[in-house]
Trainee: 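Here's a structure for you.
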Amino acid sequence: MADKTIFASLTKFLCGSAVCASLSFFCAPVKASVSSITIDAATGKILSANAENKLRYPASLTKLMTLYITFDALDKGLIKMDDKLPVSRNAANRSPSKLGVRPGEKITVKTAILALIVKSANDCATVLAEGLGYSEENFAKTMTKVAHELGMTNTTFKNASGLPNKLQKTTAKDMAILGAAMYHHFPEYYKLFATKKFVYNGRTYYTHNHLLKTFAGADGMKTGFTNAAGYNIVTSAERNGKRVIAVTMGHDSVRLRDRKVAALMDAGLKKLNAGEPQTLASLSQAPAAEETAEENSAPAIYAIQVGAFSNYAKARNYALRIKKEIPRPLAKKPINIEPVSSGSAIVYRSQIVNLAKNEADNLCNRLKRTNKSCIVVANQHQELALAKQY
């Protein structure tokens, strides 16, 4: 994403992916039964899944994308936590749940963020949308484009809050991708999802996410409910250095939802900590048939690292640019953006992956001849699935 505005951040690749949206967008979501998924947050591997691609109404899970774009703006310095955003009449008139801000008032970005996380405030979602997007309609278009960029191919957003709209839809799998993106791309802001309460105008508001209190290791993310959607949740937990992200949607009560997601996370964490083999597919789509044949013809256990950046989007955009400069069929190889801790900071490594050793060596030498830095690295681990298909 570029650094000028939150909209200039959308590359022409992203716009292209929006055009290629799945035809399943036009199928109406149905509330019957539930959809669930659990993933290994480190690799994107699916640990369990049930109706994970079924179209559903996101309800307030929508606010995760509103927050994702807000965190991106903070990360780029476009806004600051103590900036004050105006409250429009449109925002103030949003139906509950809301903070109760008044037209003409101003609230800080931090207050709006905490109100979304803890209170699930619809009025504050609109305040952020209008502050970043000039109108909520424009902001919703950006939300959809960013969703497609992340690989959420079955998601369409129509507002910033999740208030009912027949065209606003998603899947449990897409929400797991968003949860993973939130965790990996904005670790400094992800910590806010563990907030259990906050105070505004002398009143204390408490979180709707009961798992923060009842499930050992849980530290976020978001709940949601409308009559049409049922009770939804995206949440994450870590134990013994292993982390899972779980989503379940379409439940008839908070109790059933929380019981289900707790069971999903518990089973996933036990599997990871026991070192059981992971046999289910990755979050990413399977490669094209010709690409599969090509990769099966030689062991694909190497990658070339072409750069390291402090910003995920810069790392991804650079890897995409390098891919345009290399010959086919290697230009078809996926990329991986690998987040690595460096002291208190996160560094994002740009890689082209799924290469045989001779392919990696030849490609790296070719790039070096054009004065581009490159190193060959072993790539035996699974790439972060949400990043690898661009």
Trainee: Between K106 and D83, is the closest basic N to carboxylate O distance under 4.0 Å?
Mentor: no
Trainee: Side chain to side chain donor-acceptor pair (under 3.5 Å) with S236: which residues, sequence neighbours excluded?
Mentor: R243
Trainee: Taking NZ, NE, NH1 and NH2 as the nitrogens, is one of them in E136 or K158 under 4.0 Å from a carboxylate oxygen of the other?
Mentor: no
Trainee: Taking side chain to side chain donor-acceptor pair (under 3.5 Å) as the test, write out the residues that go with T66, two or more places apart.
Mentor: none
Trainee: Tell me which donor-acceptor pairs under 3.5 Å the side chains of residues 193-208 have, and how far apart each pair is, sequence neighbours excluded?
Mentor:
| unit_1 | atom_1 | unit_2 | atom_2 | d |
| --- | --- | --- | --- | --- |
| T195 | OG1 | L192 | O | 2.7 |
| Y200 | OH | E105 | OE2 | 2.8 |
| T207 | OG1 | N209 | N | 2.9 |

Trainee: Shared ILVMFWY cluster between L47 and L264, side chains joined below 4.5 angstrom?
Mentor: no
Trainee: When hydrophobic residues are tied together by side-chain contacts of less than 4.5 Å, even through go-betweens, does L116 share a cluster with L163?
Mentor: no
Trainee: I'd like to check I304 versus K333 (side-chain heavy atoms, cut-off strictly below 4.5 Å). Are they in contact?
Mentor: no
Trainee: Excluding sequence neighbours, so at least two apart, what forms side chain to side chain contact (heavy atoms under 4.5 Å, CB included) with D75?
Mentor: F186, E188, N311
Trainee: Quick check: do L211 and V261 have side-chain heavy atoms less than 4.5 Å from each other?
Mentor: yes
Trainee: When you compare the side chains of K222 and N232, does any donor N or O come within less than 3.5 Å of an acceptor on the partner?
Mentor: no
Trainee: Between E238 and V244, is the side chain to side chain contact (heavy atoms under 4.5 Å, CB included) condition met? List the steps.
Mentor: CA-CA 7 Å; E238 182 177 10; V244 294; over 6 Å; no
Trainee: Does any non-hydrogen side-chain atom of T62 lie less than 4.5 Å from one of M143?
Mentor: yes
Trainee: Only counting residues at least two apart or in another chain, list the ones meeting side chain to side chain donor-acceptor pair (under 3.5 Å) with D361.
Mentor: K357
Trainee: Go through the structure and list residues passing side chain to side chain contact (heavy atoms under 4.5 Å, CB included) with P164, not counting sequence neighbours.
Mentor: T226
Trainee: List in chain and number order the residues that pass ring-ring contact (aromatic ring centres under 6.0 Å, His included) with F215, two or more places apart in sequence or in another chain; answer none if no residue qualifies.
Mentor: none
Trainee: Considering only residues two or more places apart or on different chains, which pairs with a residue in residues 69-92 satisfy ring pair (Phe, Tyr, Trp, His ring centres under 6.0 Å)?
Mentor: F71-Y189
Trainee: Would you call R349 and E338 a salt bridge, using N to O less than 4.0 angstrom?
Mentor: yes
Trainee: Report yes if the side chains of T223 and Y231 come closer than 4.5 Å at any heavy-atom pair, otherwise no.
Mentor: no
Trainee: Judged by modelled atom types alone, do T108 and D82 share a side-chain donor-acceptor pair under 3.5 Å?
Mentor: no
Trainee: Does the ring center of Y183 lie less than 6.0 Å from the ring center of Y190?
Mentor: yes
Trainee: Same cluster for L212 and V247 if Ile/Leu/Val/Met/Phe/Trp/Tyr side chains link at under 4.5 Å?
Mentor: no
Trainee: Checking S253 now: which residues fulfil side chain to side chain donor-acceptor pair (under 3.5 Å) with it, not counting sequence neighbours?
Mentor: none
Trainee: Pick one: which of S97, S161, S120 meets side-chain hydrogen bond (donor to acceptor under 3.5 Å, both in side chains) with S60?
Mentor: S120
Trainee: For P103, enumerate each residue passing the side chain to side chain contact (heavy atoms under 4.5 Å, CB included) test, keeping only those at least two apart in sequence or located in another chain.
Mentor: R89, A92
Trainee: If you measure only the distance, is there a donor-acceptor pair under 3.5 Å linking the side chains of S35 and E52?
Mentor: no
Trainee: What side-chain donor-acceptor pairs closer than 3.5 Å can you find for residues 370-377, not counting sequence neighbours?
Mentor:
| unit_1 | atom_1 | unit_2 | atom_2 | d |
| --- | --- | --- | --- | --- |
| T370 | OG1 | L367 | O | 2.7 |
| K372 | NZ | E325 | OE1 | 3.0 |

Trainee: Is there side-chain contact between I46 and T38, with heavy atoms separated by less than 4.5 Å?
Mentor: no
Trainee: Can you list the residues that meet the side chain to side chain contact (heavy atoms under 4.5 Å, CB included) rule with K98, with sequence neighbours excluded?
Mentor: D123
